[in-house]
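These notes are about the structure you will find just below.
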Amino acid sequence: MAMERWECPCGYVYDPAEGDPDNNIPAGTAFEDLPEGWVCPKCGAEKEYFEKMG
């Protein structure tokens, strides 16, 4: 089963298949498993502002 992608209001999409290599988040990391202090690498929004993509 594919992990779900999450979108920030700024348009950045967190895709677990890619992770966030610029911030040392390895591919395969589910959104729910991101560190507490992780923020959008594009605009700095906190995780609570992201919405699950359908």
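- Counting only heavy atoms from C-beta outward, the side chains of Pro35 and Ile25 approach each other to under 4.5 Å.
- Within the 4.5 Å cutoff, side-chain heavy atoms of Asn23 are placed close to those of Pro41.
- Using a 4.5 Å cut-off on side-chain heavy atoms (C-beta onward), Pro16 and Thr29 make no contact.
- Ring pair Trp38/Tyr12 is tilted by interplanar angle, where 30° to 60° counts as tilted.
- The shortest heavy-atom contact between Ala45 and Phe50 is O-CE1, 4.0 Å.
- Between atom CG of residue Asp15 and atom CE of residue Met53 there is a gap of 9.0 Å, rounded to the nearest 0.5 Å.
- Within a 6.0 Å radius of CD in Glu48, other residues, nucleotides and ligands contribute more than 12 heavy atoms.
- Heavy-atom contacts from other residues, nucleotides or ligands closer than 6.0 Å to CD of Glu51 number 12 or fewer.
- Cation-pi geometry between Lys47 and Phe31 is met: the NZ or CZ atom falls under 6.0 Å from the ring centre, inside 45° of the normal.
- Annotation: the span from Tyr49 atom OH to Cys10 atom SG amounts to 13.5 Å, rounded to 0.5 Å.
- Residues Leu34 and Trp6 form no side-chain contact, since every pair of their non-hydrogen atoms from C-beta on lies 4.5 Å or further apart.
- Within the model, atoms CZ of Arg5 and CD of Glu18 stand 8.0 Å from one another, a figure rounded to the nearest 0.5 Å.
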